[in-house]
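Notes to accompany the following structure.
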Amino acid sequence: MRLDKILANSGFGSRKEVKQLLKKEHVTVDGKVVKDPAMHVDPMSQEIFVLGEKLDYKEFIYLMLNKPKGVISATEDLREKTVIDLLSPIDRHYQPFPVGRLDKDTVGLLLLTNDGNLAHQLLSPKKHVPKTYYAKIDGVVTEEDILAFKEGVVLDDGTVTKPGELTILKSGDTSEIELTIYEGKFHQVKRMFEAVNKKVIFLKRLSMGNLTLDSNLKYGEYRELTDEEIKSIREYVNKKE
């Protein structure tokens with residue numbers, strides 16, 4: 001990869017600013033000063049120092065976001081604020097994208113990455129990766145609803161959902177539930193409750209596969225996954241049939 005691209009991707013400024021760093025002899029590769037921005041370097045096997053500090057280059061980035069209301073799960077939009085707009089300029093350099101989508105008014109766990117292979121595996125219908133949600137429901141959720149979700153409900157377009165695991169946390173005029181589903185149809189949780197004549201009034205995703213939302217993250221906040229989390233989720237999807 002070109003040296004100027006590596007440095008720009010790592011947050012050292014624009015290509016123009018990076019060229020100034022090189023011109024002023026602030027960059028070394030394997031102990032030698034390098035001034036050529038077009039020099040090809042392997043950041044995984046060669047030592048790169050910038051302003052005396054070793055460059056810790058990453059090919060992929062993995063971010064856990066607690067998505068707030070009012071932003072859309074897209075990389076860019078002319079009218080709406082996107083989840084990418086919540087990221088720092090350095091993190092945006094890696095060009096991450098949301099793994100799956102949460103509706104504009106849905107909050108909670110959203111994974112952002114530029115690792116296309118992992119994203120594909122997490123979203124593959126063949127993998128049946130579970131997603132768990134917390135929701136507030138306008139209406140009394142009953143044992144009959146639990147049984148209906150367990151069997152699969154008929155959505156408004158005639159499709160039948162795969163079995164879902166519904167847990168009632170509180171039943172009343174406004175009920176509180178947790179629901180685990182194994183597919184990702186458009187507006188699925190909302191449409192499942194509409195199928196049993198109830199309405200979702202608040203929806204939050206808690207987990208995806210074995211990745212659980214960090215309770216310390218406030219709405220709009222995010223953090224990088226730990227090495228352990230990355231290893232764990234990779235192993236998880238590789239084991240899924």
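Along the sequence shown, residues are numbered consecutively beginning with 1.
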Are the side chain of [X] and the backbone N or O of [Y] linked by a donor-acceptor pair below 3.5 Å?
{"X": "Asp4", "Y": "Arg15", "answer": "no"}
{"X": "Lys198", "Y": "Val196", "answer": "yes"}
{"X": "Arg191", "Y": "Phe186", "answer": "yes"}
{"X": "Ser14", "Y": "Glu17", "answer": "yes"}
{"X": "Ser175", "Y": "Val141", "answer": "yes"}
{"X": "Asn66", "Y": "Gly220", "answer": "no"}
{"X": "Asn114", "Y": "Ile61", "answer": "yes"}
{"X": "Asn210", "Y": "Ser232", "answer": "yes"}

> With Tyr62, which of Asp227, Thr113, Thr226, Asp115 fulfils side-chain hydrogen bond (donor to acceptor under 3.5 Å, both in side chains)?
Replying inline: Asp115
> Which residue, Thr180, Thr212, Thr167, forms the side-chain hydrogen bond (donor to acceptor under 3.5 Å, both in side chains) with Thr132?
Replying inline: Thr180
Closest heavy-atom pair and its distance - [X], [Y]:
{"X": "Leu7", "Y": "Val18", "answer": "CD1-CG1, 3.6 Å"}
{"X": "Gly116", "Y": "Phe97", "answer": "CA-CZ, 4.0 Å"}
{"X": "Leu86", "Y": "Pro68", "answer": "CD1-CD, 3.8 Å"}
{"X": "Pro130", "Y": "Tyr182", "answer": "CB-CE2, 3.5 Å"}
{"X": "Ala74", "Y": "Pro98", "answer": "N-CG, 4.0 Å"}
{"X": "Tyr219", "Y": "Lys67", "answer": "CD2-O, 3.8 Å"}

>> Using the side-chain hydrogen bond (donor to acceptor under 3.5 Å, both in side chains) criterion, which residues pair with Gln121? Sequence neighbours excluded.
In response: none
>> According to side-chain hydrogen bond (donor to acceptor under 3.5 Å, both in side chains), who are the partners of Asp138, at least two apart in sequence or on a separate chain?
In response: none
Would you check if [X] and [Y] make a side-chain contact, meaning some heavy-atom pair closer than 4.5 Å?
{"X": "Thr174", "Y": "Ile201", "answer": "yes"}
{"X": "Leu109", "Y": "Met64", "answer": "yes"}
{"X": "Val107", "Y": "Leu203", "answer": "no"}
{"X": "Tyr57", "Y": "Met1", "answer": "yes"}
{"X": "Val83", "Y": "Tyr222", "answer": "no"}
{"X": "Phe149", "Y": "Leu179", "answer": "yes"}
{"X": "Ile177", "Y": "Leu169", "answer": "no"}
{"X": "Thr161", "Y": "Thr159", "answer": "no"}

[atom1] ([X]) with more than 12 external heavy atoms under 6.0 Å:
{"X": "Asp156", "atom1": "CG", "result": "yes"}
{"X": "Glu235", "atom1": "CD", "result": "yes"}
{"X": "Gln95", "atom1": "CD", "result": "no"}

> Passes side-chain contact (heavy atoms from CB on, under 4.5 Å), Leu123 versus Val99? Steps please.
Replying inline: CA-CA 7 Å; Leu123 298 175; Val99 180; 3.9 Å; yes
>> Set out, in order, the CA-CA distance, both residues' side-chain angles and the distance that settles side-chain contact (heavy atoms from CB on, under 4.5 Å) for Phe12 and Val27, then state yes or no.
In response: CA-CA 11 Å; Phe12 287 100; Val27 182; over 6 Å; no
First locate atom [atom1] of [X], then atom [atom2] of [Y], and finally report the distance between them rounded to the nearest 0.5 Å.
{"X": "Lys127", "Y": "Leu122", "atom1": "NZ", "atom2": "CG", "value": "9.5 Å"}
{"X": "Ile137", "Y": "Ser171", "atom1": "CD1", "atom2": "OG", "value": "11.0 Å"}
{"X": "Ile146", "Y": "Ile168", "atom1": "CD1", "atom2": "CD1", "value": "4.0 Å"}
{"X": "Leu110", "Y": "Leu211", "atom1": "CG", "atom2": "CG", "value": "10.5 Å"}
{"X": "Leu225", "Y": "Leu63", "atom1": "CG", "atom2": "CG", "value": "7.5 Å"}
{"X": "Glu47", "Y": "Asp30", "atom1": "CD", "atom2": "CG", "value": "6.5 Å"}

Within one Ile-Leu-Val-Met-Phe-Trp-Tyr cluster: [X] and [Y], side-chain cutoff 4.5 Å:
{"X": "Leu51", "Y": "Ile6", "answer": "yes"}
{"X": "Leu111", "Y": "Val129", "answer": "yes"}
{"X": "Met44", "Y": "Val50", "answer": "yes"}
{"X": "Leu87", "Y": "Ile72", "answer": "no"}
{"X": "Tyr134", "Y": "Leu213", "answer": "no"}

> What salt bridge (Lys or Arg N to Asp or Glu O under 4.0 Å) pairs are there with at least one residue in residues 199-222, not counting sequence neighbours?
Replying inline: Asp214-Arg223
> For residues 161-175, which residue pairs qualify under salt bridge (Lys or Arg N to Asp or Glu O under 4.0 Å), counting only residues two or more places apart or in two chains?
Replying inline: none
>> Let's go through Ile84 and Glu76 carefully: what are the C-alpha distance in whole Å and the side-chain angles of both, what is the deciding distance for side-chain contact (heavy atoms from CB on, under 4.5 Å) to 0.1 Å, and is it a yes or a no?
In response: CA-CA 7 Å; Ile84 303 302; Glu76 57 184 355; over 6 Å; no
>> Suppose we screen for salt bridge (Lys or Arg N to Asp or Glu O under 4.0 Å). Which residues come up paired with Lys58, at least two apart in sequence or across chains?
In response: Glu224
> Going through the distances and angles, do Leu112 and Tyr94 end up as a side-chain contact (heavy atoms from CB on, under 4.5 Å)?
Replying inline: CA-CA 11 Å; Leu112 301 163; Tyr94 285 91; over 6 Å; no
>> Strictly by side-chain hydrogen bond (donor to acceptor under 3.5 Å, both in side chains), give each pair with a member in residues 99-110 just once, sequence neighbours left out.
In response: Glu80-Lys104, Asp103-His187, Asp103-Lys190, Asp105-Lys190
